[in-house]
Enquirer: 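Submitted below is the structure of interest, expressed as structure tokens.
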Amino acid sequence: MPTKRTHGEDSVYFEESRQKWVASFFDALGKRHKKRFDGEKEARVYLIDQINEINKGSFITPTNLTVGEWVK
């Protein structure tokens with residue numbers, strides 16, 4: 001029998017409407033991040049890498065900041 005995931009647990013699942021695999025995880029601040037992939041293996045590798053970065057403290061939350069704004 002499958003185990004039930006707890007709230008906030010990371011996951012990889014197939015999105016039927018877009019025919020893509022989705023890697024979903026929460027960062028240290030509790031914000032959810034999602035990224036779509038063509039293959040399940042790619043999504044799982046990405047998820048493991050992101051979780052490792054969060055655990056090491058080197059995860060940087062993506063922003064919409066442009067290079068021009070960053071330079072200023």
Enquirer: Show the atom names and distances, to 0.1 Å, of all donor-acceptor pairs under 3.5 Å that link a side chain in residues 64-72 to residues at least two apart or in another chain.
Expert:
from	atom 1	to	atom 2	distance (Å)
Thr66	OG1	Glu69	N	3.3
Glu69	OE1	Thr66	N	3.2

Enquirer: Can you tell me how far the OG atom of Ser24 sits from the NE2 atom of His33, to the nearest 0.5 Å?
Expert: 9.5 Å
Enquirer: Mind checking the CG-CZ spacing from Asp27 to Arg32? Nearest 0.5 Å is all I need.
Expert: 11.5 Å
Enquirer: What's the spacing between Ile54 CD1 and Phe26 CZ if we round to 0.5 Å?
Expert: 10.5 Å
Enquirer: Would you tabulate the side-chain donor-acceptor contacts of residues 35-47 under 3.5 Å, counting partners in other chains and residues two or more places apart, or write 'none'?
Expert:
from	atom 1	to	atom 2	distance (Å)
Arg36	NE	Glu15	OE1	2.8
Asp38	OD1	Lys20	NZ	2.4
Glu40	OE2	Arg44	NE	3.1
Glu40	OE2	Arg44	NH2	2.9

Enquirer: Same cluster or not: are Ile51 and Trp21 linked, directly or through other Ile, Leu, Val, Met, Phe, Trp or Tyr residues, by side-chain heavy atoms under 4.5 angstrom apart?
Expert: yes
